[in-house]
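Only one structure is covered here, and it is reproduced in the block below.
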Amino acid sequence: MKFKTSLMLLIATLFTVNTFAQTAQTKPTRLAKVDGIAAVIGDQIVLESDVDRDFLMSKQQGIKTEDKCDFLNDMMLDKMLVDRARQDTLIKVTQDEVTRQLNSQVDGWIAQAGSEKQILDFFGFRTMAELKNETRYLVEDNIYAREKRTMVVKGADATPEEVRLFFEKHQGELPDVKDELSLSHIVLYPEVSEENQQKIIDQLKEIKKEIEEGASFATKAILYSEDPGSSNNGGEYKKVSRGKMVKEFDAVAFNLQEGEISDPFKTDFGYHIVKLEKRKGQELDLRHILISLKPTEEEIKAATNKLDSIRVLINDNKMTFKDAALKFSNDKYTKFNSGNLTNPNSGEDRFEKMALPLNMFTAISGLNQGDLSNVFEDDFENKKALRLLKVDKFYPAHKINYEDDYYRIQKFAVQDKERTMLLDWVKRQVGDAFIKIGDAYKNCDFPIDWEKKQIK
């Protein structure tokens, strides 16, 4: 199998602005359309439409492909991970984790597409609830596969010599580097007045009173909570250990008695009330309701004016961006690092320009290296914020090379080694797993003998 076809597992499932445009003509009508079965691995099924979808997406990404066999092989490999992970007692996937991952995935799609409507139109759903309901099982499977894969490839690494040899062997198969840039930012949260905050506190006090008089906490959480990770589940979090939540939350939750509801308290996310359902040693089962701080138009305008003034100071060379970030930015993770942003998908400080969320892409369009964007509104860390971006450096599109892209090549080399480890592991599993290949793929030359004689 050529290395480039194995890159299918590495293609991100988050769609960029360009990808949405490119696939508008051929969008799927459902994520899990009922149709022919391409393969069965244990309790896991690969549909013909799954293979067709990934094959189409790879072509839209510009990756040359000859047939669908490699896609089916990779999908079967993934299903083997899921099948074995669900049987592994060491792997626990909670519905809370699935919900958080699902919401994060959907929020990422919306940020890159620009609106919920574009996402719904693309996938062919009428409501976000319908989309999430049919996407949930995919997210759960992905978590199981990820956890098992981490166990299987633990310890994989590549030395500088291995990276060099890998590059020499696969140089012609590695993807070109697209236009990239490094960015810094300053974030300001609007200051919410005490009067505005008191309204939220009073609302939560009233909700608490109604619950104590017999109303359902779960129902109130569904109606009022703004926590995307738990509101649809009645505000429930299970097996909460110290350090899993922010320290202010821990300080309240771990001092409650079973059945007790806290008074309203504040964290960076807003105001909460918490009910302790059950204490299990050092873990808690609880429910909570979060109401976030919502700045008024006047408060947003005041923050915008303040950040505009900071922008003027930087442009007039009366303050460096580094000093401004340190003094004013509300992003605690970047303010001590000159406001430099790190790409969460790669761990590096480079972002592919066309893959930026729509609001960031719009803000930096037309800017040159060293320029500042205009101040713009954004949802940052699930809160309304004002942001100012600086384009630190441009990296023009180029053929991947050893000198400029060593760490990128190193990641490919490690991933290739992980894939070898994964294939070896799968080959040891197929003998005692129920596996069936669909007739359309019987003639595929797979790197794994999927249907070898089963061990009795």
Side-chain angles (χ1 to χ4, degrees), residues 89-104 107 132 136 139-140 143 147 189 191-295 330-333 379-385:
T89 57
L90 296 178
I91 296 177
K92 305 292 184 185
V93 177
T94 67
Q95 289 307 301
D96 293 336
E97 185 179 3
V98 175
T99 300
R100 288 195 296 272
Q101 182 69 39
L102 174 60
N103 288 330
S104 176
D107 289 345
K132 287 185 177 182
R136 189 178 186 88
V139 173
E140 185 171 343
I143 296 173
E147 293 298 315
Y189 293 123
E191 294 185 12
V192 180
S193 68
E194 291 187 7
E195 179 184 4
N196 198 351
Q197 293 186 53
Q198 188 60 49
K199 290 179 181 178
I200 297 174
I201 294 171
D202 292 342
Q203 182 183 1
L204 284 171
K205 284 182 175 179
E206 181 61 26
I207 291 172
K208 176 184 177 181
K209 180 173 179 290
E210 292 174 0
I211 294 170
E212 290 176 335
E213 291 175 350
S216 165
F217 195 109
T219 300
K220 293 293 185 182
I222 292 171
L223 290 173
Y224 298 108
S225 183
E226 297 171 8
D227 174 18
S230 70
S231 59
N232 290 336
N233 197 33
E236 185 178 48
Y237 281 112
K238 288 183 173 292
K239 297 182 178 180
V240 176
S241 56
R242 287 188 184 274
K244 187 174 182 178
M245 304 294 194
V246 294
K247 61 182 180 180
E248 297 89 351
F249 194 100
D250 280 358
V252 173
F254 280 87
N255 282 291
L256 293 174
Q257 301 297 316
E258 288 189 5
E260 184 180 3
I261 303 174
S262 73
D263 289 327
F265 65 95
K266 186 179 181 182
T267 71
D268 286 343
F269 300 100
Y271 282 91
H272 312 248
I273 56 172
V274 179
K275 179 182 180 182
L276 178 59
E277 299 276 359
K278 194 170 185 61
R279 188 184 298 270
K280 302 175 182 177
Q282 297 301 311
E283 294 181 332
L284 308 179
D285 289 349
L286 54 81
R287 294 184 188 272
H288 90 128
I289 295 172
L290 164 68
I291 299 180
S292 59
L293 296 175
K294 301 176 187 64
N330 293 140
D331 181 7
K332 59 185 177 182
Y333 298 107
D379 288 323
F380 185 75
E381 298 292 332
N382 294 318
K383 292 191 291 185
K384 181 69 71 177

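Sequential numbering from 1 along the given sequence is applied to the chain's residues.
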With rounding to the nearest 0.5 Å, note down the distance linking [atom1] in [X] to [atom2] in [Y].
| X | Y | atom1 | atom2 | answer |
| --- | --- | --- | --- | --- |
| Glu277 | Glu258 | CD | CD | 9.0 Å |
| Ile211 | Ile261 | CD1 | CD1 | 5.0 Å |
| Ile291 | Tyr224 | CD1 | OH | 9.0 Å |
| Arg279 | Asp285 | CZ | CG | 11.0 Å |
| Asn232 | Lys132 | CG | NZ | 6.0 Å |
| Leu204 | Ile207 | CG | CD1 | 5.0 Å |

Side chain to side chain contact (heavy atoms under 4.5 Å, CB included) evaluation trace for Tyr271 with Leu293: CA-CA 8 Å; Tyr271 282 91; Leu293 296 175; 3.7 Å; yes
Provide the closest heavy-atom pair for Ser231 versus Ser225 in the form atom of the first, atom of the second, distance.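 Looks like CB-O, 3.5 Å.
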Over 12 non-hydrogen atoms of neighbours within 6.0 angstrom of [atom1] in [X]:
| X | atom1 | result |
| --- | --- | --- |
| Glu195 | CD | no |
| Glu213 | CD | yes |
| Lys278 | NZ | no |
| Gln198 | CD | yes |
| Phe269 | CZ | no |
| Glu226 | CD | yes |
| Asn196 | CG | yes |

[Y] backbone acceptor or donor facing [X] side chain under 3.5 Å:
| X | Y | value |
| --- | --- | --- |
| Lys383 | Asp268 | yes |
| Lys275 | Ile273 | no |
| Gln197 | Val192 | yes |
| Asp250 | Arg242 | no |

Short N-O contact, Lys266 and Glu248, less than 4.0 angstrom: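 Looking at Lys266 and Glu248, the cut-off is not met.
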Checking His272 against Ile289 for the side chain to side chain contact (heavy atoms under 4.5 Å, CB included) test, could you report, in this order, the C-alpha distance in whole Å, the side-chain angles of both residues, the deciding distance, and whether it holds? CA-CA 5 Å; His272 312 248; Ile289 295 172; over 6 Å; no
Run the ring pair (Phe, Tyr, Trp, His ring centres under 6.0 Å) test against Tyr237 and tell me which residues pass, sequence neighbours left out.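 Scan of Tyr237 (ring pair (Phe, Tyr, Trp, His ring centres under 6.0 Å), adjacent residues dropped) gives His288.
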Arg136 vs Glu140, salt bridge (Lys or Arg N to Asp or Glu O under 4.0 Å): CA-CA, chis, key distance, verdict: CA-CA 6 Å; Arg136 189 178 186 88; Glu140 185 171 343; 5.3 Å; no
